[in-house]
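Below: the structure, in structure tokens.
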Amino acid sequence: VAGLQWELQDLQDAEQQLDTLIQMCTTQFKLLTEDLENNFLQNLTENTSAYVTCQDLRSVVDPSEQLVMVIKAPPETQMQVSDPAEAFQIAVKSTQGPIDVFLCPEE
Amino acid sequence: RTRILVSIGESFGTSEKLQKINQMVCNSDRPLKHGAEGSTAPKPLKRL
Amino acid sequence: AQECQNLEMEKQQRIERIREKRIQLQELLLQQIAFKNLVQRNRHSEQHTRGPPAVNSTIQLPFLILNTSKRTVIDCSISSDKFEYLFNFDNMFEIHNDTEILKRMGMSFGLEAGKCSSKDLRTAKSLVPKALEKYLTGI
């Protein structure tokens, strides 16, 4: 029992350290994206620099054979995927703003 | 019947759930309309 | 014996949680590296091209990509306020989020596949907080 309690204490310390690092990473990332957004909204920069080009997409998804649909949705948007045995169906529902859907042009 | 519900719109995240959706759709034994004209499964993404 | 059994069970549960949290932390690290690398690439290319690309040729993060065969027939219903979309496909499709696209573009230096040159590893380390560098080496 004493041996197991020692091991559990070590594992508890390791888990707490991971929680701290995950929290740090998440916070730092949120601040980074908000900074870019704010700079753009305050006209400090011409854009957020956090974008991919259609060319980037075409380099990853072969547009000659694939139709590429881009979905941009506000936070907390829900995507429901139906049981494929019944239908290939997707429902996308937003509560915080309109959803933007467009096709990536072939060239 | 909804099989999978994903909260999107968050920047980054949900990768695992989307992989689950792709597997579920890909493994479904639903008869495909274009089956006769050869495989029209979505082409996997390239890795640069 | 009963107490030993309980402690052993708690130990296994904790080990499993630590494993999941390590994966979550690695995923966050890769996302952060890919994101910062993308921003640097865009700024760098904007300096060369004297300005950002045309707005209608760029897709701001975050986004989702859905790809399907060109022969797929898609029936799409949209609510008038564009808050709700319903898509019906007659064929299979795939969905990917921006992180996956950035990884495929090579923005995370191939770390997710465990293949990364020492030069790229140095660059990747410069993009994450000091306390997390050792996790990169672990990946």
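Please read these numbers as outputs of a predicted model, since none were measured by experiment. Below, chains carry the letters A, B, ... as their sequence lines are ordered, and counting in each starts from 1.
Of the two parts of A:Q23, neither the backbone nor the side chain holds a non-hydrogen atom closer than 4.5 Å to a non-hydrogen atom of chain C. Residue contact with chain A, scored on non-hydrogen atoms closer than 4.5 Å, involves the side chain of C:L132 exclusively. For C:E8, the parts lying near chain A are the backbone and the side chain together; criterion is any non-hydrogen pair under 4.5 Å. For A:E37, no part sits under 4.5 Å from any heavy atom of chain C, backbone or side chain. For chain A, the nearby parts of C:N88 are the backbone and the side chain; heavy atoms of each come within less than 4.5 Å. Heavy-atom distances place both the backbone and the side chain of A:Q12 under 4.5 Å from chain C. The contact between A:P63 and chain C is made entirely by backbone atoms, counting heavy-atom distances below 4.5 Å. For A:E15, the parts lying near chain C are the backbone and the side chain together; criterion is any non-hydrogen pair under 4.5 Å. For a residue to count as touching a neighbouring chain, one of its non-hydrogen atoms must lie under 4.5 Å from one of that chain's; by this rule C:I74 touches chain A with the side chain only. Of the two parts of C:R22, the backbone and the side chain both hold a non-hydrogen atom closer than 4.5 Å to a non-hydrogen atom of chain A. Proximity to chain C (any heavy atom under 4.5 Å) is restricted, for A:V60, to the side chain, taken from C-beta onward. Interface residue A:V1: backbone and side-chain heavy atoms are both found under 4.5 Å from chain C.
Of the charged side-chain nitrogens involved, none lies within less than 4.0 Å of a carboxylate oxygen, so that C:E20 and C:R17 do not count as a salt-bridged pair. The pair C:R104-C:E112 fails the salt-bridge criterion, with no side-chain N (NZ, NE, NH1 or NH2) lying under 4.0 Å from an Asp/Glu carboxylate O.
Counting heavy atoms from C-beta on, the side chains of C:L64 and A:V92 never come closer than 4.5 Å.
Among the candidates C:I15, C:D75, C:L66, C:L28, the residue making the largest number of heavy-atom pairs closer than 4.5 Å to chain A is C:L66. Chain A forms the most heavy-atom pairs under 4.5 Å with one residue out of C:V39, C:L25, C:I59, C:N67, and that residue is C:I59. With respect to chain C, the highest number of heavy-atom pairs below 4.5 Å among A:L36, A:D62, A:L103 belongs to A:L36. With respect to chain C, the highest number of heavy-atom pairs below 4.5 Å among A:C54, A:S59, A:S64, A:G97 belongs to A:G97. When each of A:L18, A:T53, A:D100, A:L57 is checked for heavy-atom pairs under 4.5 Å with chain C, A:L18 comes out on top. Each of A:V70, A:L8, A:V68 has some count of heavy-atom pairs under 4.5 Å with chain C, and the biggest count is that of A:L8.
Side-chain atoms of A:S82 and A:Q89 include a donor-acceptor pair closer than 3.5 Å. No side-chain N or O of C:R43 forms a donor-acceptor pair with one of C:Q40 less than 3.5 Å apart. No side-chain donor-acceptor contact under 3.5 Å links C:E10 and C:N6.
Within a 6.0 Å radius of CD in C:E3, other residues, nucleotides and ligands contribute 12 heavy atoms or fewer. Counting non-hydrogen atoms of neighbouring residues, nucleotides and ligands closer than 6.0 angstrom, the NZ atom of C:K21 exceeds 12 such neighbours.
Between the side chain of C:N97 and the main chain of C:E100, a donor-acceptor pair closer than 3.5 Å is present.
When every heavy atom of A:L32 is checked against every heavy atom of C:F35, the shortest pair comes out as CD2-CD2, 3.4 Å. The shortest heavy-atom contact between A:I99 and C:F83 is CD1-O, 3.3 Å.
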